[in-house]
Amino acid sequence: MTSATLRRATVSGAVLLSLLAVPAHATADERGDTVPTAATALPAPDLTGLRGVLRTALRQGAPGAMARIDDRGTVRRVVTGVADRRTGRTISTRDRFRIGSVTKTFSAVVLLQLVDEKKLRLDAPVNRYLPGLLPDDRITVRHVLSHRSGLYDYTNDMFARSVPGFEAVRTKVFTYRQLVNRSLRHARTNRPGAAYSYSNTNFVVAGMLIEKLTGRSVGTAYQSRIIEPLKLRDTLYAHPDTKIPGRHTRGYMSPDTAGAALVDATRQTTSWAQSAGALISTTGDLNTFLSALLGGKLVSAKSLGQMQRWWKVNSTTAYGLGLRRRTLSCGVSVYGHTGAVQGYYTYAFTSKDGKRSLSALATTSNNGAVLNTMMGTLESAFCGKRAATVRGSAVVERYEDVAPGVARD
Ligand code: REY
């Protein structure tokens, strides 16, 4: 069977993995998985495929979907659907939206800058900087930024019932400590450092570290350390304001009960997330941010190396410090994060050298089908026509970026 026939056939995850080309000069990382390091040219993006992915997301219930690729100065934009179901305005890549956990990469960058400034040590206990905060002195800053602290994700029970859970916190303003306390009511998920378990609590602790070490709010830290230097004119930390200022797309959460109306989730404090997920941005700004990060413009080479000490999560993904690596069906690895706040699913990833970036958004959430479909935007943007496909849509593994129970099948 040729690989072309294989790609047309129904491909299982195992077969798909055997199609991944791993060059002989791959390096072993922290957990021993292999990563291609050669700077091979990327295949051209497949814009027809990208459009198909976005249309599928619409069919599956997203009111709007869009993607923007920035590739060495060339910008490509694909949009479908509406920014506002009431007015019917077409969605635009200039629209701002809630980026959810892509915020975690911003928080990690601020902390790595503080490491560069010798104000923070990755292997020091969190409790050295925030005395008595955590019940275990062995939990380090590195454990927190790599989701290996074992701190339970308080959003699991907060959003066990998606719509009522959301409505209960939509306009609430939490202190960081209240969020950490919600986590500490539960047993830890693992011994410090021993296992990866995605948890928003980690990046609430990250926010507390930022505020303790800078003496200013996280919003000020993002502003002065990332947003201003990179001139990200559409990126802002509005917490605890409920509005998205300026031109933006609305976000619509899927209801828990089939057939019920979509919930307009645009207005919310996002206080349940804060430094774990409350930033607002655009596809263009996210591409600029990730290109700058992987291009070495935000943290020192040493710190960028620390952010890329990978912990294997599954066969195709690994987590560093506030940064995820995904290996796509064509063997290309991409670096970035995903976000899932009510009404908005975001994918923001860049190539190893930061020179090609993709940011994509679907304006719905609580819809596992759309979440998985949107992963196909990475395949189209970085694998082009080499993306493995099954009956026209990109082959992707199940989504594992958010806390258990976040996506719905
Ligand atoms: C929040 C719930 C999920 C989303 C979360 N988001 O941890 C962080 C991220 C900041 O990764 C909500 N899901 C939804 C549920 C599931 O309510 N029961 O999909 O709208 O960005």
Side-chain angles (χ1 to χ4, degrees), residues 57 60-63 97-108 147 151-170 172 174 176 179 182-183 189 196-207 218 237 239 250-257 260-281 286 313 317 319 322-324 326 336-349 359-375 399-409:
Q60 291 169 332
F97 54 90
R98 298 193 186 281
I99 67 169
S101 287
V102 186
T103 304
K104 292 184 171 74
T105 314
F106 284 73
S107 299
H147 293 292
L151 293 168
Y152 175 86
D153 191 336
Y154 59 82
T155 65
N156 284 338
D157 39 9
M158 189 177 267
F159 300 128
R161 294 189 312 138
S162 311
V163 175
F166 171 56
E167 295 299 358
V169 301
R170 192 198 266 265
K172 274 226 168 90
F174 293 101
Y176 283 128
L179 295 174
R182 278 177 176 246
S183 163
T189 52
Y196 167 90
S197 181
Y198 190 92
S199 170
N200 286 297
T201 314
N202 291 312
F203 280 77
V204 166
V205 172
V218 287
Y237 189 74
H239 176 264
R250 304 196 76 81
Y252 302 89
M253 187 181 183
S254 304
D256 295 282
T257 4
L262 290 174
V263 177
D264 185 332
T266 315
R267 291 187 77 145
Q268 65 155 312
T269 56
T270 336
S271 197
W272 60 267
Q274 301 189 51
S275 45
L279 273 166
I280 293 164
S281 190
L286 289 182
V313 173
T317 80
Y319 204 87
L323 193 65
R324 186 177 293 281
R326 287 203 106 89
H337 218 285
T338 48
V341 296
Q342 292 83 2
Y344 302 94
Y345 280 149
T346 306
Y347 278 81
F349 283 83
S359 292
L361 173 79
T363 57
T364 196
S365 68
N366 201 34
N367 181 329
V370 170
L371 192 57
N372 278 328
T373 293
M374 291 300 285
M375 195 135 69
Y399 188 81
E400 78 304 317
D401 283 2
V402 289
V406 164
R408 203 189 50 170
D409 289 313

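All ligand and atom numbering here is 1-based and tracks the order in the structure. The model shown is predicted, which means the values in this text are computed figures rather than measured ones. The basis for the numbers below is simple: all heavy atoms, side chains too, and nothing from hydrogens, waters or symmetry mates.
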Which option, Gly368, Gly343, Ser365, owns the non-hydrogen atom nearest atom 14 (C) of ligand 1? Ser365

For Ser162, the ligand 1 atoms whose distance to one of its heavy atoms is below 4.0 Å: 15 (C), 16 (C), 17 (O), 18 (N)

Ser107: what forms a side chain to side chain donor-acceptor pair (under 3.5 Å) with it, not counting sequence neighbours? Tyr222

What I want to know is whether Gly277 and ligand 1 share at least one N or O pair that is separated by under 3.5 angstrom. no

Find all atoms of ligand 1 within a distance of less than 4.0 Å from any non-hydrogen atom belonging to Gly339, and give their numbers and elements. 21 (O)

Which is it for Ile99 and Tyr344 under the side-chain contact (heavy atoms from CB on, under 4.5 Å) test, yes or no, and what are the steps along the way? CA-CA 7 Å; Ile99 67 169; Tyr344 302 94; over 6 Å; no

For the side chain of Thr103 and the backbone of Leu279, is there at least one donor-acceptor N/O pair under 3.5 Å apart? yes

Answer yes or no for Gly165: is there a heavy-atom contact with ligand 1 below 4.0 Å? no

Looking at ligand 1, does any of its N/O atoms fall within less than 3.5 Å of an N/O of Ala340? yes

Flag the pair Phe166 / Trp272 as yes when their ring centroid distance falls below 6.0 Å, and as no otherwise. no

Just heavy atoms, cut-off under 4.0 Å: does Tyr198 contact ligand 1 by side chain, backbone, both, or neither? side chain

Judged by atom type as modelled, is there a donor-acceptor pair below 3.5 Å linking the side chain of Thr317 to the main-chain atoms of Arg326? no

Which atoms of ligand 1 sit under 4.0 Å from any heavy atom of Ser101? 8 (C), 9 (C), 10 (C), 11 (O), 21 (O)

Atom indices of ligand 1 within 4.0 angstrom of Gly100 heavy atoms, with elements: 21 (O)

Given that the side chain starts at C-beta and the backbone is N, CA, C, O, which of these parts of Trp272 lies under 4.0 Å from ligand 1, counting heavy atoms, or is it both or neither? side chain

Between Thr270 and the options His239, Arg170, Arg98, the side-chain hydrogen bond (donor to acceptor under 3.5 Å, both in side chains) test singles out Arg98

Just do the side-chain contact (heavy atoms from CB on, under 4.5 Å) check on Phe203 and Gln274 with the steps written out, would you? CA-CA 9 Å; Phe203 280 77; Gln274 301 189 51; over 6 Å; no

Per-residue contact class, Asn200 against ligand 1 - non-hydrogen pairs under 4.0 Å: side chain

At less than 4.0 angstrom from any non-hydrogen atom of Met253, what atoms of ligand 1 do you find? 20 (O)

Please work out which of the three classes, parallel, tilted or perpendicular, describes the rings of Tyr319 and His337, given edges at 30° and 60°. perpendicular

Hey, are the side chains of Ser183 and Asp153 touching, using non-hydrogen atoms and a 4.5 Å cut-off? no

For Thr155, counting its heavy atoms only, list the atoms of ligand 1 lying under 4.0 Å from any of them. 7 (O)

